[in-house]
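Okay, so here's the structure we're looking at.
Every chain is numbered from 1 and lettered A, B, ... according to where its sequence line falls, protein lines coming before strand lines. Here the structure is a predicted model, which means the values were calculated and not measured. Basis for what follows: all heavy atoms, side chains included, without hydrogens, waters or symmetry-related copies.
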There are 2 protein chains.
Amino acid sequence: MESLTTAQQELYDWLVDYIRANQHSPSIRQMMRAMNLRSPAPIQSRLEHLKNKGYIEWSEGKARTIRVRDDLRGVPILGTIAAGFVNEAFTDSVERLDLNGLPIQNGDYALKVTGDSMVEAMIQDGDVVIMRPVKDPQGIREGTIVAARVESGTTLKSFYRQGDQVQLKPANPDYPVMEFPAESVDVQGRLVAVWRGIDPDFVV
Amino acid sequence: MESLTTAQQELYDWLVDYIRANQHSPSIRQMMRAMNLRSPAPIQSRLEHLKNKGYIEWSEGKARTIRVRDDLRGVPILGTIAAGFVNEAFTDSVERLDLNGLPIQNGDYALKVTGDSMVEAMIQDGDVVIMRPVKDPQGIREGTIVAARVESGTTLKSFYRQGDQVQLKPANPDYPVMEFPAESVDVQGRLVAVWRGIDPDFVV
DNA sequence: AGTGTTACAGAACAAGTGTACCAACAGGTG
DNA sequence: CACCTGTTGGTACACTTGTTCTGTAACACT
């Protein structure tokens, strides 16, 4: 990635923060004031450079249409890290995790997990699971983790079929496998992602 | 939350998708074409309603400044769900998980986890951990999960002090605790979040 | 039928806004 | 010093765009 001058870097940082906060690009005259300039020309020049170097893009002639390149959004994935044992990490890879882009679809929803029956599936109390509504219950694959509504309530379990019965298996040997007639199980959604925010005050 | 007419809902959904994809609001005439209208008046009317009902807001007179209310961004957290046992879920709570907003700060970065030494901390192979650079190594609390650089490489472990030594504990009894002189351990960052995307083709 | 309400089409206006142009200035290079 | 290059200040212009206004059509209700 081509490097930036200090003036270009300063504008770029301010621009990214502004777009993240306001969900739209500022106008050139707004940037002018933010950079303590009294003419739009310098901003235009810097934007041109940022565009040529591949940092931003915009629709020509249209107002407030600047956007940061998609491959620069989110947080950078600096490399892989071994939880198993020390080895190489911090590569100079440019891959990025766009938390707002790819994984989430419109209609997805989240549930806060309570209880510990899914610990062996690496889901613990307090995690937030992102679920996707299931259109066709027949299409659910064996072992998929789903939010299922049965007569007594809704629960998060692995989904299995057994003849015309449906098994809901917890991922914790301390809890029992539950079995219901297929028609009495209403699958509300399937697991698409897990999010765990770490409370900085929390200590193991 | 006040409900919407079908026309308002249709515009709102299109608007949210457009902003998410383009990082800026469309113009009224763009919405006009998208809704198959030939006059800007109906769009303006619907926007006015969306504003009064608290769904969107914009800077009056400024071009392309519509933004979705912050408390509506991200995915809705519909309630809590028991992994432990069936109980109530799907409350009508309005809380939301804003994946792009609150948790991530500028400067944060991500690492893909390989290996299984942190399985008891509910971090498994393939997870993405979001790390925050550590300014003051003295301020790290006991038990915090950190990415630490030692002479042999970088690893993800729980951080403990033992006199003037630093212990790096894996969360898996199969792996040994490692101990280093405090000055030879360079803490690259501390864990602030875990993200796990579920591959739909993956079956347990 | 009459009436009020709402939505739409079309046009027009004013402000916001991107862009082009030119002069002044600073910094480096011969 | 002269010269070139890049940045800034300043201005001007044309297009974009939010906003307002008027008239018409569709619809619900009395």
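- A:Q23 and B:R20 share no side-chain donor-acceptor pair at under 3.5 Å.
- Rounded to the nearest 0.5 angstrom, B:S25 OG and B:Q30 CD are separated by 8.0 Å.
- Among the heavy atoms of the strands lying under 4.0 Å from A:A41 is at least one base atom, whether or not backbone atoms are also near.
- DNA chain D is contacted by no residue of residues 3-10 of chain B, taking any non-hydrogen atom closer than 4.0 Å.
- For DNA chain D, the outermost nucleotides in 5' to 3' order that have an atom under 4.0 Å from a heavy atom of chain A are D:dT7 to D:dT17.
- Using a 4.0 Å heavy-atom criterion, one finds that B:R64 contacts the sugar-phosphate atoms exclusively.
- Between B:H24 and B:Y18, the ring center distance clears the sub-6.0 Å criterion.
- Side chain to side chain, A:R190 and A:T144 fail the donor-acceptor criterion of an N or O pair below 3.5 Å.
- Side-chain contact of B:K157 with B:Q167: a donor-acceptor pair under 3.5 Å is absent, judged by distance alone.
- Salt-bridge check for A:E57 with A:K51: failed, with every basic side-chain N at 4.0 Å or more from each acidic carboxylate O.
- Base contact: B:Q44 has a heavy atom under 4.0 Å from a base atom.
- Atoms OH and CG, from A:Y12 and A:D17 in turn, are 10.5 Å apart once rounded to the nearest 0.5 Å.
- Note that CD1 of B:I56 and CG of B:L50 are 4.5 Å apart. Values are rounded to the nearest 0.5 Å.
- Mapping B:P40 and B:A63 onto DNA chain C by nearest heavy atom places B:P40 at the nucleotide closer to the 5' end.
- You can see that DNA chain C meets the heavy atoms of chain B within a 4.0 Å-exclusive cut from C:dC8 to C:dT17, reading 5' to 3'.
- The main-chain N or O of A:T5 is found under 3.5 Å from a side-chain atom of A:Q8 such that the two form a donor-acceptor pair.
- Between the CG atom of A:N172 and the CD1 atom of A:I123 there is a distance of 12.0 Å, given to the nearest 0.5 Å.
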